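A quick write-up on the structure given underneath.
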Amino acid sequence: MAKRILVLNGPNLNLLGTREPGVYGVATLRDIEQSCKALAVELGLTLDFRQTNSEGELVTWIQDARLTSDAIVINPAAYSHTSVAVHDALKAIGLPVVEVHLSNIHQRESFRHHSYVSLVATGVICGLGPSGYTLALRALAEQLQ
Ligand code: DHK
């Protein structure tokens, strides 16, 4: 059966394309979704790609994933640095998780250097722009084989 990957995007990522393009690039979230979907077809994965500005919704989607998904790719955006709730939800479900950041958070403000999600992630990719998402999918496809 095709492995099911849930790709989750946190707050303000709906603004990609126009949001601080010097930091986040010019690709829109729709562009990233399309690249992920094209690669998923190639790799034989089923993909569910979502974005929310709400921490509670993100936690609910993570909880629901224990019944619907085999692994998660998540760009928690600002919730990386603040959310014990997202950390706890990921820990509770115990699925493989790849954390992605478009920017290199370690070259930015010090408040971005710590991520609660990294503590429970299988792997972390940052600073590679939209390629981070497709690299995460390739890594999970290999691990789930
Ligand atoms: C996206 C955000 O919205 C920020 O809050 C994070 C992350 C970095 C990114 O690089 O994709 O600090």
Side-chain angles (χ1 to χ4, degrees), residues 3-43 45-66 68-144:
K3 298 296 182 187
R4 304 155 303 172
I5 312 292
L6 178 62
V7 183
L8 295 177
N9 293 280
N12 300 307
L13 294 173
N14 54 311
L15 300 180
L16 288 177
T18 55
R19 175 193 182 198
E20 297 182 76
V23 174
Y24 296 107
V26 292
T28 64
L29 196 61
R30 182 93 182 112
D31 295 332
I32 295 173
E33 178 176 4
Q34 281 171 348
S35 313
C36 288
K37 289 206 162 145
L39 182 63
V41 170
E42 202 181 298
L43 297 176
L45 302 169
T46 301
L47 202 83
D48 184 356
F49 191 101
R50 303 184 192 184
Q51 187 274 332
T52 180
N53 291 324
S54 152
E55 183 177 13
E57 192 164 39
L58 200 53
V59 168
T60 300
W61 287 348
I62 293 167
Q63 290 181 7
D64 291 348
R66 73 195 187 285
T68 59
S69 306
D70 297 301
I72 294 179
V73 174
I74 184 166
N75 183 345
Y79 292 141
S80 319
H81 319 301
T82 62
S83 182
V84 176
V86 169
H87 164 105
D88 284 352
L90 290 168
K91 196 169 183 182
I93 63 162
L95 291 176
V97 175
V98 179
E99 176 184 1
V100 172
H101 299 282
L102 294 157
S103 63
N104 182 345
I105 55 175
H106 302 289
Q107 286 179 341
R108 300 183 62 196
E109 304 96 319
S110 58
F111 66 83
R112 295 184 204 275
H113 295 177
H114 177 264
S115 163
Y116 287 99
V117 171
S118 298
L119 294 166
V120 291
T122 313
V124 182
I125 299 171
C126 78
L128 300 179
S131 302
Y133 287 75
T134 48
L135 289 167
L137 290 179
R138 285 187 191 281
L140 287 172
E142 211 173 290
Q143 286 194 7
L144 293 171

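We count ligands from 1, going down the list as the structure has it; atoms in each ligand are counted the same way. Please read these numbers as outputs of a predicted model, since none were measured by experiment.
Counted within 6.0 Å of CD on Glu142, heavy atoms from surrounding residues, nucleotides or ligands total 12 or fewer; the atom is thus considered open.
The proximity of Val23 to ligand 1, defined as any non-hydrogen pair under 4.0 Å, does not occur for either the backbone or the side chain. Contacts with ligand 1 closer than 4.0 Å are made by no heavy atom of Asn12, backbone or side chain. Counting heavy atoms under 4.0 Å from ligand 1, residue Arg112 touches it through the side chain alone.
Counting atoms of ligand 1 from 1 in the listed order, those under 4.0 Å from a heavy atom of His81 are 6 (C), 12 (O).
Residue Arg138 comes nearest to Leu43 through the heavy atom pair CA-CD1, 4.0 Å, listed as atom of the first residue, atom of the second, then distance. Considering all non-hydrogen atoms of both residues, Asn104 and Cys126 come closest at OD1-SG, 3.7 Å.
At least one heavy atom of Arg19 sits under 4.0 Å from some atom of ligand 1. Distances shorter than 4.0 angstrom do not occur between any heavy atom of Tyr79 and any atom of ligand 1.
When the options Ile74, Asn75, Val86 are evaluated for a side chain to side chain contact (heavy atoms under 4.5 Å, CB included) with Leu8, the one that passes is Ile74.
Residues Tyr133 and Leu102 form a side-chain contact, since some pair of their non-hydrogen atoms from C-beta on lies under 4.5 Å apart. Side-chain contact check for Ile32 versus Val7: every heavy-atom pair is 4.5 Å or farther apart.
Taking all heavy atoms of Cys126, Ala78, Gly127, Gly10 into account, the minimum distance to atom 5 (O) of ligand 1 is reached by Ala78.
When hydrogens are left out, the protein atom nearest atom 9 (C) of ligand 1 is Leu102 N, 3.3 Å; that is the closest non-hydrogen contact. Looking only at heavy atoms of the protein, atom 7 (C) of ligand 1 is closest to His101 ND1, 3.8 Å. Protein heavy atom nearest atom 2 (C) of ligand 1, with residue, atom name and distance: Tyr24 OH, 3.5 Å.
Applying the ring-ring contact (aromatic ring centres under 6.0 Å, His included) definition to pairs two or more places apart or across chains, those involving residues 95-124 are His114-Tyr116.
Asn12 places no side-chain N or O within donor-acceptor distance of the main-chain N or O of Asn53, the cut-off being under 3.5 Å.
Residue Val100 has no nitrogen or oxygen atom sitting less than 3.5 Å from a nitrogen or oxygen atom of ligand 1, judged on distance alone. Between Ser103 and ligand 1, at least one N/O pair is under 3.5 Å apart.
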